[in-house]
Number of protein chains: 2
Amino acid sequence: MHADWTTHFPGLRKLEPAIAGPLVENSKLVKLAAGTRIFGPGQSPEAYLLLLDGTVRVQQVSETGREIVLYRVSAGESCALTTACLMGYEEYQAEGIAETDVQAVAIPRKTFDNLIAQSAEFRRFVFTAFSMRVTNLFKIIDEVAFSRVDIRLAQKLLELADNEDRVSLTHQQLASELGTAREVISRQLHEFQRRNWISTTRGEITLLSRQDLQKLAGAP
Amino acid sequence: MHADWTTHFPGLRKLEPAIAGPLVENSKLVKLAAGTRIFGPGQSPEAYLLLLDGTVRVQQVSETGREIVLYRVSAGESCALTTACLMGYEEYQAEGIAETDVQAVAIPRKTFDNLIAQSAEFRRFVFTAFSMRVTNLFKIIDEVAFSRVDIRLAQKLLELADNEDRVSLTHQQLASELGTAREVISRQLHEFQRRNWISTTRGEITLLSRQDLQKLAGAP
DNA sequence: CTGGGCTATGTGACTAGGTCACATACACAA
DNA sequence: TTGTGTATGTGACCTAGTCACATAGCCCAG
């Protein structure tokens, strides 16, 4: 495992062997239990993380305790933005939480810098990850500032439903996904239920009509 | 001018001469008139831009026509995020407008990539710019999602006031700064005026009590 | 198998913010 | 001086967020 984790990352498979070697040698495998806070205000990330397994949720917490999920880092991806802030000097405002048990490769700052210098392939990998995250942040700003909650909720339900059309989250957790309040979610879900688009039980929502939800989620 | 623009950028002054040379040679000076749309959806940026003079406003426009300013790029700074998206493959969602006449240096993608590879100094410059922008985006998300309009408006007025305590913007422009509606701004300004914190005339606001505004803008 | 106790959800009342429609007011040019 | 375009004012209404508290489901200790 230690020897060949680079193959877990499509963007790194073509890495020149002369470069992959030192990379694997200088980086180190870390395991984190679910729920671990990986970084946050006052707890700067210390290395470039590449996830082998699990997911990390990056979110913002407001003064009043409300939360909004910014993005998730999944297996095969990197904490790109985190690293930007690591390489630069600014304090990172958001916090990262291991949603599941996580296995990751930690690349020290110095090694990261060398890699960037030496490998065009690695640069592409890093900048591509960057651009995806930033684009996504723009989308979130757009939605939070300009989009209706019912539409965003319908989108989120469709996005989070498993292959049996179920979403196993509490209203509070859904509210955190969207950066709104629990009561707002409860009321919207109630309305969806009244229209027979979903059914709910404690901690779980079942989609009854993806079609209607999609209609709401898409063009008005 | 062409020969020594690198000195305009504190982060580039220490650039190794062997590197600064080709950089200056391969990049090109561009001038843009105020109001020019530099990039936007369907109009990808084509080069890494370093501003010599003027400012560029980067903003998001919603379907319904509402706008929100994401950040400004001023002289001596780079369109860092733009470039991330340029280097990666994603479509950039935001648009950049020249607020004033702008002079800038355009560094082609290839040259940029070479520079990143060859100069630790340049890497630091780019990543630092990145991290500042990203941190700022997080702050905007936080404010849009969780902060009150009156507080944000007070902050914005203080931020945008000149050294004679005047803000020369229309209510509509202020609304765009904050990503809210013009009527909301009009009403808030009215309330500030009622409290004698500001006075207003068409297209201009004068701060009468920075202190009170600061009190509102700071801790509640 | 049952009663606390914890967490999740429901709900009314109220405040803040956004939308729509339209009324005024101001500035500048013809 | 009078249009004309832009800026601002305002009421009515709707959506979203807050607060306070009521219920309801779940699980575990006894």
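Keep in mind the model is a prediction, meaning the values are calculated, not measured. Lettering follows sequence order; numbering is per chain, from 1.
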Does any N or O in the side chain of [X] come within less than 3.5 Å of the main-chain N or O of [Y], such that one atom is a donor and the other an acceptor?
X: A:Arg109; Y: A:Glu46; answer: no
X: A:Glu95; Y: A:Val61; answer: no
X: B:Arg57; Y: B:Arg72; answer: no
X: A:Gln155; Y: A:Ala217; answer: yes
X: B:Glu77; Y: B:Ser74; answer: yes

Within the structure provided, determine whether B:Leu32 and B:Val56 are in side-chain contact (heavy-atom separation under 4.5 Å).
no
Close N or O pairs between protein and nucleotides 25-28 of chain D (under 3.5 Å):
unit_1	atom_1	unit_2	atom_2	d
D:dG25	N2	A:Arg202	NH2	3.2
D:dG25	N3	A:Arg202	NH1	3.2

Where does the angle between the aromatic ring planes of B:Phe127 and B:Phe130 fall among parallel (under 30°), tilted (30 to 60°) and perpendicular (over 60°)?
tilted
Is there a side-chain contact (heavy atoms from CB on, under 4.5 Å) between B:Tyr48 and B:Thr111? Walk through the geometry before answering.
CA-CA 9 Å; B:Tyr48 188 71; B:Thr111 307; over 6 Å; no
If you round to the nearest 0.5 Å, how far is [atom2] of [Y] from [atom1] of [X]?
X: B:Leu81; Y: A:Leu137; atom1: CG; atom2: CG; answer: 9.0 Å
X: A:Leu169; Y: A:Ile185; atom1: CG; atom2: CD1; answer: 10.5 Å
X: B:Ile198; Y: B:Thr206; atom1: CD1; atom2: OG1; answer: 8.5 Å

Could you check how far [atom1] of [X] sits from [atom2] of [N], rounded to whole Å?
X: A:His171; N: D:dA24; atom1: NE2; atom2: P; value: 16 Å
X: B:Asp150; N: D:dG17; atom1: CG; atom2: C1'; value: 14 Å
X: B:Ile151; N: D:dG17; atom1: CD1; atom2: C1'; value: 14 Å
X: A:His190; N: D:dA16; atom1: NE2; atom2: C1'; value: 18 Å
X: B:Ile205; N: D:dA7; atom1: CD1; atom2: P; value: 13 Å
X: A:Glu191; N: D:dT15; atom1: CD; atom2: C1'; value: 13 Å
X: B:Arg187; N: D:dA7; atom1: CZ; atom2: C1'; value: 15 Å

DNA chain C nearest-nucleotide lookup for A:Thr200 and A:Phe146: closer to the 5′ end is A:Thr200
Close approaches to DNA chain C from residues 175-183 of chain B, in residue order (heavy atom, under 4.0 Å):
B:Thr180, B:Ala181, B:Glu183
When all nucleic acid strands are considered with a 4.0 Å heavy-atom cut-off, which category describes [X]: base, sugar-phosphate, or nothing?
X: B:Gln173; value: nothing
X: A:Arg66; value: sugar-phosphate
X: A:Val149; value: sugar-phosphate
X: B:Gln188; value: sugar-phosphate

Salt-bridge present ([X], [Y]; N to O < 4.0 Å):
X: B:Glu191; Y: B:Arg195; value: yes
X: A:Arg123; Y: B:Asp113; value: yes
X: A:Glu159; Y: A:Arg152; value: no

Expected list for residues 142-149 of chain B: side-chain donor-acceptor pairs under 3.5 angstrom, two or more places apart:
unit_1	atom_1	unit_2	atom_2	d
B:Arg148	NE	B:Asp150	OD1	3.1
B:Arg148	NH2	B:Asp150	OD2	3.0

So, for B:Leu70 and B:Asn136, which heavy atoms are closest and what is the spacing to 0.1 Å?
O-OD1, 3.5 Å
Could you check B:Leu207 against B:Trp197 for side-chain contact (heavy atoms from CB on, under 4.5 Å), going step by step and ending with a plain yes or no?
CA-CA 6 Å; B:Leu207 311 194; B:Trp197 294 0; over 6 Å; no
Span of DNA chain C, from the first to the last nucleotide whose atoms fall under 4.0 Å of chain B heavy atoms:
C:dA16 to C:dA27
Kindly calculate the angle separating the two end axes of the helix from C:dC1-D:dG30 to C:dA30-D:dT1, each obtained from five base pairs, and round it to 10 degrees.
10°
First of B:Thr201 and A:Arg148 reached from the 5' end of DNA chain D, by closest nucleotide
B:Thr201
Tell me, which of residues 152-160 of chain A have any heavy atom that sits under 4.0 Å from an atom in DNA chain D?
none
